[in-house]
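Comments concern the structure below.
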Protein chains: 2
Amino acid sequence: MKQRGNTDRKPAATIYDIARHLGLSPSTVSRALNKPGRINAKTEQRVREVAAELNYRINPMARALPTGRTNTLGLILTDITNPVYFPLVRGAERITAGAGHTLVLAESQESGTLEAETARRLLPSIDGLVLVASRLDDEQIRELAEVKPLVLVNRAVESLPAVVPDVLPGIRDALDHLASLGHASLAFLSGPSASWMSRLRWETLLDEAPARGMTIVEIGPGAPTLDGGEQGLRRVRASGVTAVVAYNDLMAIGLLRACRAAGVEVPSSLSIVGFDDIFGSDFTSPPITTIRTPLDLAGEEAVHQVFAALGDDDVPAPRRVSAQFVERASTAAPAR
Amino acid sequence: MKQRGNTDRKPAATIYDIARHLGLSPSTVSRALNKPGRINAKTEQRVREVAAELNYRINPMARALPTGRTNTLGLILTDITNPVYFPLVRGAERITAGAGHTLVLAESQESGTLEAETARRLLPSIDGLVLVASRLDDEQIRELAEVKPLVLVNRAVESLPAVVPDVLPGIRDALDHLASLGHASLAFLSGPSASWMSRLRWETLLDEAPARGMTIVEIGPGAPTLDGGEQGLRRVRASGVTAVVAYNDLMAIGLLRACRAAGVEVPSSLSIVGFDDIFGSDFTSPPITTIRTPLDLAGEEAVHQVFAALGDDDVPAPRRVSAQFVERASTAAPAR
DNA sequence: GTCCTGTTGGCAATCGGTTGCCGACCTCCG
DNA sequence: CGGAGGTCGGCAACCGATTGCCAACAGGAC
């Protein structure tokens with residue numbers, strides 16, 4: 001029953017095998033391997049040798065049972081294939097693997113229900129959880145946080161650790177840039193209504209644009225995808241604005257494509273600014289002007305904070321991550 | 001010792017808690033939950049109710065210990081952030097999650113050593129492994145396959161299950177296309193020397209191009225990245241060819257960028273064909289003509305095959321995946 | 001009433017580690 | 001030489017499930 005399929009697998013070596021080889025007890029082997037110094041140095045050496053010889057690998061499940069530590073972290077995001085998250089995933093993976101832990105990825109497909117279910121499924125087998133752009137409400141997130149350490153990314157909930165890039169610097173520079181080009185009326189092409197980050201960006205724009213003498217309207221909500229961006233063009237044109245800030249680069253690129261298909265010149269007839277600086281946003285034509293969010297750092301930082309909550313030492317001091325304006329070619333002075 | 005960090009966590013409910021609530025033994029609870037019909041229907045019902053009430057979640061580790069099944073699959077690829085793999089990861093995730101299993105992702109960063117180490121680290125906690133574009137040698141792969149069921153993607157090893165898209169149809173159509181445009185001398189911008197898929201593509205081109213009366217040279221090896229593509233331009237120009245087939249779209253895009261920077265017109269002075277049809281390859285300018293590899297299907301298929309090797313029933317019959325030529329705008333008749 | 005069979009549930013071993021506690025032995029010191 | 005203290009290693013309980021085996025009991029056939 002232990003092996004299925006057609007091929008017979010060889011069972012992995014256990015500490016019992018090592019113990020038998022050396023005439024020791026399993027507890028001694030366990031200590032030799034995990035508590036350096038607790039055991040006579042020569043014995044410890046012999047244990048290590050036999051372990052290597054037998055190609056011994058500790059069984060993480062067996063260890064997890066008594067210790068409660070699985071050495072595994074969970075990362076849940078809305079959409080694994082969204083290019084926005086590639087750097088984040090890589091950053092998180094780097095730190096996790098660097099600490100000898102394993103990262104489990106899962107996606108919620110933009111659904112709060114699915115997200116909750118996934119989280120509950122993962123929870124028993126992980127030490128901590130990173131929730132990116134969670135679609136859950138505050139209450140649900142709090143409940144999860146009661147079970148295991150939890151760190152949010154692109155979302156804030158009172159009194160819970162979160163990594164939220166500071167959007168203000170990037171937005172300020174972007175608006176200064178648009179203002180200096182002579183734009184007076186803007187639109188924000190917003191993302192999903194459940195997106196906390198979309199609201200944050202909108203609220204910030206709502207503060208900052210009028211302060212520069214520009215009008216701004218919200219168009220949306222829309223799906224945070226190429227398609228969502230394309231859908232937006234009709235309302236953008238109807239609104240009469242000369243520049244659009246899209247919730248993210250995917251929507252910006254979608255909008256750009258729709259413009260091309262509709263014969264709207266970018267940037268001469270319409271300026272477009274995206275968010276995040278995803279892979280590919282610099283090889284559209286024109287390349288997208290965007291507000292870069294360093295999500296690779298956010299991913300690293302989130303994992304560091306989980307480790308910190310787990311009580312690990314040598315976790316570096318929290319690092320601020322903030323958005324940065326990147327001027328490319330999708331913005332220009334409006335035609336009069 | 002069980003809880004760390006500042007917040008106290010509430011311990012998860014176990015089958016012992018349920019048993020105590022009902023005055024039953026844990027074994028009965030276990031059976032009620034997993035062997036429908038083995039237990040009196042009313043008892044089973046009561047167990048389910050209390051389980052729901054206590055918000056019971058099975059502890060996967062505890063289950064894995066006696067059964068040897070972890071309900072987890074591993075997926076190792078060379079580079080998590082390579083857009084080529086996004087669809088593959090999503091496909092694999094879909095099937096895995098659909099079967100109620102968990103997928104663990106890891107990357108080898110193009111290093112065979114790291115790949116071997118990662119595989120060994122993962123192995124004890126997974127039921128099966130998918131290796132994408134493995135940099136390991138055949139012998140190492142065989143050893144891993146002896147421990148747990150293993151399925152390869154974009155790589156073949158005698159007698160091991162593998163999902164390898166059939167490149168021939170795509171390459172044939174691409175070469176017919178180039179030949180009909182009047183190209184007579186081609187280059188293949190090859191990927192890493194450890195890449196089995198790069199060699200397969202090259203070998204196929206080497207068969208098919210001369211058969212159409214075209215010459216072909218290999219330029220490389222190079223890194224399978226934007227950068228690798230950019231590096232290639234110097235040798236491409238020196239070779240005097242009129243068209244280049246790049247190992248993948250990333251390199252094709254890199255080459256395209258280098259062309260633009262160097263003032264080489266694409267497609268009029270140089271035609272470029274990529275591979276894989278990654279996200280972004282249709283919004284370069286010009287959009288990249290490419291040979292699409294349906295890696296989403298490959299991901300699904302690989303996971304299906306792991307399940308099959310695990311002895312699961314209702315695994316669909318293997319599906320052939322094959323590459324397909326996609327004509328866009330980076331190819332045209334050569335200037336004479 | 002006896003025997004057989006089927007249903008239902010419990011006992012206890014097991015998976016592979018971890019760890020508190022104890023005891024044997026050695027060393028060192030007064 | 002006796003005792004204190006330290007080092008080293010083993011015993012056994014425990015983590016949370018699963019499962020083979022058995023016992024108790026019910027119902028049906030004869």
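Side chains are part of it too, since the values below use all heavy atoms of this structure and drop only hydrogens, waters and symmetry mates. First the proteins, then the strands, lettered A, B, ... as listed; each starts at 1.
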Requested in this report: Just compare D:dG16, D:dC11, C:dG9 and give me whichever is closest to any side-chain atom of B:Tyr16.
Outcome: D:dG16
Report summary line: The nucleotide from C:dG9, D:dG10, C:dG17 with an atom nearest the side chain of A:Tyr56 is C:dG17
**Report entry** Value in whole Å for how far the P atom of D:dG6 lies from CG of A:Asn40
**Finding:** 18 Å
Report task. Determine whether any donor atom in the side chain of A:Arg31 lies under 3.5 Å from an acceptor atom in the base of C:dG17, or the reverse, and answer yes or no. Result -> no
Requested in this report: Tell me yes or no: between the side chains of B:Ser134 and B:Glu115, is some donor less than 3.5 Å from an acceptor?
Outcome: yes
Requested in this report: Determine the minimum heavy-atom distance between B:His101 and B:Thr72, stating which atoms define it.
Outcome: ND1-N, 4.1 Å
Query raised in the report: Rounded to whole angstrom units, what separation is found between the CD1 atom of B:Ile18 and the P atom of C:dG10?
Result: 14 Å
**Report entry** Options C:dG10, D:dG10, D:dT18, nucleotide nearest the side-chain atoms of A:Arg38
**Finding:** D:dG10
Query - Cationic N near anionic O, under 4.0 Å, A:Asp296 to A:Arg94 - result: no
Query raised in the report: Over how many whole Å does the gap from B:Asn34 atom CG to D:dG16 atom C1' extend?
Result: 12 Å
Query - Protein-nucleotide distance (A:Leu65, atom CG; D:dT18, atom C1'), rounded to Å - result: 12 Å
Requested in this report: For D:dA17, take OP1 and OP2 only and decide whether either is under 4.0 Å from a side-chain N or O of B:Ser30.
Outcome: no
Requested in this report: Indicate, with a heavy-atom threshold strictly under 4.0 Å, whether B:Lys35 touches base, sugar-phosphate, or nothing.
Outcome: sugar-phosphate
Query raised in the report: Any salt bridge between A:Glu107 and B:Arg90, counting N to O under 4.0 Å?
Result: yes
Report summary line: From CG of B:Leu33 across to C1' of D:dG16 the rounded distance in Å is 13 Å
Report task. Give a yes or no on whether a salt bridge exists between B:Glu44 and B:Arg38, defined as a side-chain N under 4.0 angstrom from a carboxylate O. Result -> no
Query - Value in whole Å for how far the P atom of D:dG16 lies from CD1 of B:Ile15 - result: 10 Å
Query raised in the report: Out of D:dA17, D:dG9, C:dG16, which has the shortest distance to the side chain of B:Asn59?
Result: D:dA17
Report task. Return the nearest nucleotide to the side chain of A:Arg63; candidates are C:dT18, D:dA17, C:dG9. Result -> C:dT18
Requested in this report: Give A:Thr14 one of three labels, base, sugar-phosphate or nothing, depending on what nucleic acid heavy atoms sit under 4.0 Å from its own.
Outcome: sugar-phosphate
Query - Length of the CD1-P vector between B:Ile39 and C:dG10, whole Å - result: 8 Å
Report task. Tell me whether the OP1 or OP2 atom of D:dG9 has a side-chain N or O from A:Thr43 closer than 4.0 Å. Result -> yes
Query raised in the report: Counting side-chain heavy atoms from CB outward, which of D:dT18, C:dG9, C:dC15 is closest to B:Leu24?
Result: C:dG9
Query raised in the report: Starting at the 5' end of DNA chain C and moving along, which residue's nearest nucleotide shows up first, B:Ser27 or B:Ala62?
Result: B:Ser27
